[in-house]
There are 2 protein chains.
Amino acid sequence: MLDKSHKHVTCATCGARKDSLFGSFCDHDVELTNEQKTCAYFKKGQAIFIEGSFPRGVFCLNQGKVKVFTRGDEGKEQIIHIAKEGEIIGFRAMFSGEAYKVSALTLEECNICYIAKDDFLNMIDTNSTLRNGIMKELSKELGDRAVFITNMAQKSVRERLAFALMILGDIYGDEQINLTREDMANFVGTATETLIRLLKDFKDEGIIEIHTRKLEIIDQEKLIHLAGK
Amino acid sequence: MLDKSHKHVTCATCGARKDSLFGSFCDHDVELTNEQKTCAYFKKGQAIFIEGSFPRGVFCLNQGKVKVFTRGDEGKEQIIHIAKEGEIIGFRAMFSGEAYKVSALTLEECNICYIAKDDFLNMIDTNSTLRNGIMKELSKELGDRAVFITNMAQKSVRERLAFALMILGDIYGDEQINLTREDMANFVGTATETLIRLLKDFKDEGIIEIHTRKLEIIDQEKLIHLAGK
DNA sequence: TAAAAAAAATGATTTTAATCAGCTTTCAAT
DNA sequence: ATTGAAAGCTGATTAAAATCATTTTTTTTA
């Protein structure tokens, strides 16, 4: 259980900051950011922002994982990204001037900091390192999504699952992958039943181990081979 | 036939510049840009840049259309974007520091200007209007691609074709849509045969007219309805 | 303008994955 | 500890779209 008082979360001591976009900040900038941000505890399944609304600031994940998704015509979620500790989310719509095209929902308990739009835009304008980091991030994601689109269009569900498990492996690190079957299906872009059957296949082939809800990758090599290019 | 000598292409008189990211440049910046850019004629089907190579500058489309695509495992193209007059292409990889994740190929005869990396990055650093324009563009595209991914995952080929035709209608403007069936299939993310059959259905339903290679949208309303959200 | 090549079209068949329906296990709340 | 709800699982069936094999038309170029 996380500390719900979240008094202790300061940018200077924030473990997630080190390899975030704020990682290279000097002491002065860290202190400034610390004064501008507010921090809040989110319980599991809580909304951070919703598709169609307009951004008033950005969110910085101090602790916990978040799913970023759009809804299709029939309301079915397509998970675009799973964000983890250290990531800044919700800045895309701030630059585009549009409403959010995605929603963000916590997958577990989270501590999330918030920086108001004007403060963040001011940071971007005055801090070229942060700015370049943001531009690099936007550009990288754009490339990743081109690949994502191609995978959706051309790979089989089995190949996409292998690919998704590799990404999830990176995101969860030492921890075991912990998603509902439905969320995983909505990430792979398939029906829940199909996903369940394929997970069983992967288990039978010794690629993963299933511990009820949690998944463990056993054979990374096979996964890489299965996922293709 | 375009003028292959392309001597006349100067930024000050460039018709494509007005509603491009360079549109708000002052006379001085226009002149500077004009001195930094070089301009070249590309014939139909020529490569502008190729997936896997590293960018040395950006390209600005003065005349003609370009397909931007990645190749899947079996070499099949997935068209991510079709760029038209006024668009700057190839800047994503310059910011991300990665190799190109996409290739760009002319769909017709083109006049394309080129600005070297250092010159362009210098522009970005010194011109906040251009910079904000670029960030807005990156962010917008990122949102569009989230929707693209969701469409791929959840819409039927028929719905995706309707969606694609709407986008193509915008891109081609008054002109008729002019793509090979294969390119169109690679944009929609389907097999060429499937695309051909669906085009015939759309024709029979009075949605489009087919003039051999060129397509004309007749019933925009039906298209919008078919494409869904 | 004739020949060759590329693109478009059509029909038959197969494959993949979605859908539907019902059942079981797990988890959370009282 | 019990119960209800959510999540997970299984089997049968259907539907969508890919693939394969040819033929026809259009475009290019020799």
Side-chain angles (χ1 to χ4, degrees), chain A residues 1 43-45 67 72-78 105 107-109 150-164 176-204 208-215 226 228, chain B residues 1 43-46 67 72-78 105 107-109 150-162 164 176-204 208-215 226 228:
Chain A
M1 186 67 99
K43 56 188 178 195
K44 185 174 170 175
K67 64 174 169 181
D73 290 6
E74 268 93 62
K76 187 180 158 83
E77 294 180 6
Q78 174 60 45
L105 222 103
L107 286 168
E108 46 191 68
E109 293 189 298
T150 308
N151 286 349
M152 280 298 180
Q154 300 188 8
K155 282 193 201 295
S156 65
V157 176
R158 189 178 154 87
E159 290 169 315
R160 294 208 304 270
L161 174 57
F163 196 86
Q176 295 188 358
I177 297 166
N178 184 10
L179 281 178
T180 66
R181 300 290 188 263
E182 191 180 358
D183 278 338
M184 211 177 295
N186 290 343
F187 186 40
V188 173
T190 188
T192 308
E193 297 94 322
T194 303
L195 180 109
I196 287 168
R197 284 181 249 259
L198 284 171
L199 280 183
K200 209 181 94 183
D201 291 349
F202 278 22
K203 194 193 76 180
D204 292 345
I208 58 170
E209 262 179 22
I210 302 180
H211 308 112
T212 43
R213 168 73 160 274
K214 293 178 178 172
L215 299 186
L226 261 179
Chain B
M1 186 67 100
K43 57 188 178 195
K44 185 176 169 173
Q46 224 181 318
K67 64 173 169 180
D73 290 5
E74 268 94 61
K76 186 180 158 81
E77 295 179 7
Q78 174 61 44
L105 222 104
L107 286 168
E108 45 191 70
E109 294 189 297
T150 308
N151 285 348
M152 280 298 182
Q154 300 188 9
K155 282 192 202 293
S156 65
V157 175
R158 190 178 153 86
E159 290 169 314
R160 295 208 303 272
L161 174 57
Q176 296 189 357
I177 296 167
N178 184 11
L179 281 177
T180 67
R181 299 291 188 262
E182 190 180 359
D183 278 338
M184 211 176 295
N186 290 342
F187 186 40
V188 173
T190 188
T192 307
E193 297 93 322
T194 302
L195 179 108
I196 287 169
R197 284 182 248 260
L198 284 171
L199 279 183
K200 209 181 93 182
D201 290 350
F202 279 22
K203 193 193 77 180
D204 292 346
I208 58 170
E209 261 178 24
I210 301 179
H211 308 114
T212 43
R213 168 74 159 274
K214 292 178 179 171
L215 300 186
L226 262 179

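Minimum heavy-atom separation, R213(A) to N178(A): CG-OD1, 3.2 Å.
Going from atom NZ of K43(A) over to atom P of dA29(C) covers 10 Å, rounded to whole Å. Straight-line distance from the CG atom of L215(B) to the P atom of dA7(C): 16 Å, rounded to whole Å. For the pair M184(B) CE and dA7(C) P, the computed distance is 14 Å after rounding to whole Å. Between the CZ atom of R181(B) and the P atom of dA9(C) there is a distance of 4 Å, rounded to whole Å.
Within the 3.5 Å criterion, the main-chain N or O of I196(B) finds no donor-acceptor partner in the side chain of R181(B). Q154(A) places a side-chain N or O within 3.5 Å of a backbone atom of K76(B) that can act as its donor or acceptor partner. Side chain of E159(A) to backbone of G228(A): no donor-acceptor contact under 3.5 angstrom is found.
For DNA chain D, the outermost nucleotides in 5' to 3' order that have an atom under 4.0 Å from a heavy atom of chain B are dA17(D) to dT26(D).
Contact check of residues 186-199 of chain B against DNA chain D (heavy atom, cut-off under 4.0 Å) returns T190(B), A191(B), E193(B), T194(B), R197(B).
Q176(A) CD: more than 12 foreign heavy atoms inside a 6.0 Å radius. In the displayed structure, Q46(B) atom CD is contacted under 6.0 Å by more than 12 heavy atoms of other residues, nucleotides or ligands.
With rounding to the nearest 0.5 Å, the separation of OG1 in T190(A) from CE in M152(A) is 9.0 Å. Within the model, atoms CG of L199(B) and CG of L161(B) stand 5.5 Å from one another, a figure rounded to the nearest 0.5 Å.
Map A153(A) and I210(A) each onto its nearest nucleotide of DNA chain D; the residue landing nearer the 5' end is I210(A). Taking the nucleotide of DNA chain C with the nearest heavy atom to each of E182(B) and R160(A), the more 5' of the two is matched to E182(B).
Contact annotation: K200(B) does not reach the phosphate of dA8(C) (side-chain N/O to OP1 or OP2, under 4.0 Å).
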